[in-house]
Amino acid sequence: MASSAERHDLLFAAKLSEQAKRYDEMGDAMKKLVMMKVELSPEERSAFSVAYKKAIEPLRSSWGILQQGKSNEEINGAKQKVIRIREFQEKIESDLSSICEEVMSLLDKHLLPFTTNDENRVFYLKMKGDYYRYMAEYKTESEKKKAISNSLKAYQTAIVEAEGLPPLNPIMLGSNLNYSVFLYDIVKARRRAMAVARRTVDAAVGEIEGKMLNKEVYEDSMTILDLIKDNLARWAADVPLGSDDLFFVLRRFSL
C-alpha cells in the first residue's frame with residue numbers, strides 16, 4: 001500500500017523537475033507514483049499528463065517540420081535528400097512510439113483498472129485517445145488504421161462515460177475538444193467534427209446562464225470553450241470533404 005509520504009515526495013519531485021524543465025525526470029517520478037495503482041488526485045493526474053505531454057510535444061513538432069521538408073524535396077525530385085530526411089524521421093518515430101506505448105501501458109495497467117472516479121476515467125480515456133491520435137500522425141498503412149481505430153474507440157468511450165458530468169465540466173469539454181480535432185485532422189470527417197464541437201458549445205452556453213460556478217473551474221471551462229469556438233470559426237472557412245456520414249469516411253480505414 002502506497003503511503004501518503006511516498007506520494008507526496010514523488011509529486012514534489014515531479015513538480016520540482018517541471019520547474020527545472022527536466023521533463024524526463026518528471027516523467028520518471030510520475031511513473032513511479034502511477035505504478036502504485038492508486039486513485040490519483042487532480043494535482044497528481046495533472047502532473048502525470050503534463051510530464052508526458054512535455055516529453056512528446058517537441059518530438060511531434062520536429063517530425064512535422066521534417067515532414068514538410070520531405071514534401072518539398074519530393075516536389076524538387078531530390079531523392080537522396082528525401083532518403084536522409086526519412087532516416088531522421090524514423091529515429092524520431094522510434095522515440096514517439098516509446099513514449100506513446102509507455103503511456104498506454106500505464107493507463108491500461110495502472111490507472112483505468114483502479115479508478116472509481118468519473119472525472120478520472122474520462123480524463124484517462126481522453127488521454128488514451130490523444131496518444132493513439134499522435135501515433136496515427138506518423139504511422140502508415142495497417143498500423144495507422146489500428147491507431148485510428150483505437151483512438152476512435154477511446155474518445156467515444158470517454159464521451160459515454162462523461163454523460164453524467166455537467167456540460168461545463170472542463171474534463172468533459174477537453175475530451176470533446178480533442179475528439180473533434182481527431183475527427184477533423186486525422187479522420188477527415190470535417191462536418192462530423194463541427195457537429196461535435198457545436199453541440200458541446202451549445203450545451204455549455206445553455207448551462208452558463210444563471211449558474212454560480214467555482215472561479216477556477218469557470219476559467220478552465222471558458223478557456224476550452226474558446227478553443228472549440230476558434231476551431232469552429234477556422235473550420236467553417238474550409239470546404240468539407242467527403243460525406244456527412246461518419247460511417248463512409250471511416251470505411252477508408254477499415255475500422
Side-chain angles (χ1 to χ4, degrees), residues 1-62 95-135 151 154-155 157-158 161-162 165-166 168-179 181-182 213-225 227:
M1 183 72 177
S3 70
S4 58
E6 288 176 304
R7 292 177 66 172
H8 180 272
D9 286 347
L10 286 170
L11 181 60
F12 177 75
K15 295 178 76 172
L16 196 62
S17 299
E18 182 182 12
Q19 291 174 16
K21 297 184 179 180
R22 303 279 292 182
Y23 300 116
D24 286 345
E25 285 89 341
M26 185 183 186
D28 289 340
M30 290 313 302
K31 181 179 179 180
K32 290 177 182 176
L33 198 158
V34 165
M35 291 180 73
M36 292 178 175
K37 300 178 181 178
V38 294
E39 185 81 84
L40 298 189
S41 68
E43 189 175 21
E44 292 168 340
R45 182 185 68 201
S46 176
F48 168 65
S49 175
V50 168
Y52 284 95
K53 186 175 183 180
K54 290 293 187 179
I56 204 168
E57 279 183 341
L59 293 171
R60 292 177 66 214
S61 177
S62 296
D95 292 339
L96 282 166
S97 292
S98 179
I99 293 174
C100 289
E101 288 165 8
E102 183 168 297
V103 169
M104 298 304 177
S105 177
L106 292 172
L107 289 169
D108 287 337
K109 295 179 181 178
H110 303 285
L111 288 171
L112 281 165
F114 298 95
T115 185
T116 57
N117 180 286
D118 290 343
E119 280 194 357
N120 277 358
R121 185 161 181 80
V122 173
F123 186 92
Y124 299 149
L125 287 166
K126 178 198 75 72
M127 195 171 176
K128 190 172 180 178
D130 291 343
Y131 280 80
Y132 274 122
R133 170 163 58 93
Y134 301 155
M135 293 176 75
S151 184
Y155 282 132
T157 305
E161 296 283 348
L165 299 178
L168 279 173
N169 182 282
I171 304 299
M172 185 278 295
L173 290 175
S175 179
N176 284 11
L177 166 64
N178 289 14
Y179 177 46
V181 169
F182 162 77
L213 301 172
N214 174 281
K215 182 180 179 181
E216 184 177 350
V217 172
Y218 178 81
E219 290 177 351
D220 288 346
S221 297
M222 292 304 102
T223 297
I224 298 171
L225 275 176
L227 290 173

Note: A55 and I99 closest approach over all heavy atoms is O-CD1, 3.8 Å
Is there side-chain contact between Y132 and M104, with at least one heavy-atom pair below 4.5 Å? yes
Those residues at least two apart in sequence (or on a different chain) that pass side chain to side chain contact (heavy atoms under 4.5 Å, CB included) with D118 are L165
The single option from N178, D130, N176 that satisfies side-chain hydrogen bond (donor to acceptor under 3.5 Å, both in side chains) with Y155 is D130
Heavy-atom nearest pair, L59 first then D95, reads CD1-CB, 3.8 Å
Sequence neighbours excluded, the answer for side chain to side chain contact (heavy atoms under 4.5 Å, CB included) partners of K32 is L10
Does the ring of F123 carry K126 above it, NZ/CZ under 6.0 angstrom from centre and within 45° of its axis?
yes
Quick note, salt bridge (charged side-chain N to carboxylate O under 4.0 Å, His left out) partners involving residues 98-112, not counting sequence neighbours, are K31-E102, D108-K128
Check your understanding: Can you find a heavy atom in the side chain of I171 that is under 4.5 Å from one in the side chain of R45?
Key -> yes
One should read off an interatomic distance between Y124 OH and L112 CG, to the nearest 0.5 angstrom, of 8.0 Å
dist N120:CG -> F114:CZ (nearest 0.5 Å) comes out at 14.0 Å
Hits for salt bridge (charged side-chain N to carboxylate O under 4.0 Å, His left out) against E18, two or more places apart or cross-chain, chain-then-number order -> none
Fill in: S61 (side chain) donor-acceptor with E57 (main chain) under 3.5 angstrom
no
Taken in chain and number order and not counting sequence neighbours, the residues that satisfy salt bridge (charged side-chain N to carboxylate O under 4.0 Å, His left out) with E25 are R22
Query raised in the report: Quick one: are M26 and K54 in side-chain contact, heavy atoms under 4.5 Å?
Result: no
Any idea how F182 and Y179 line up, ring-wise: parallel (<30°), tilted (30 to 60°), or perpendicular (>60°)? parallel
I'd like to know if the side chain of T223 and the backbone of E219 have a donor-acceptor N/O pair within less than 3.5 Å. yes
Taken in chain and number order and not counting sequence neighbours, the residues that satisfy side chain to side chain contact (heavy atoms under 4.5 Å, CB included) with R60 are I56, L96, R133, Y134, E137
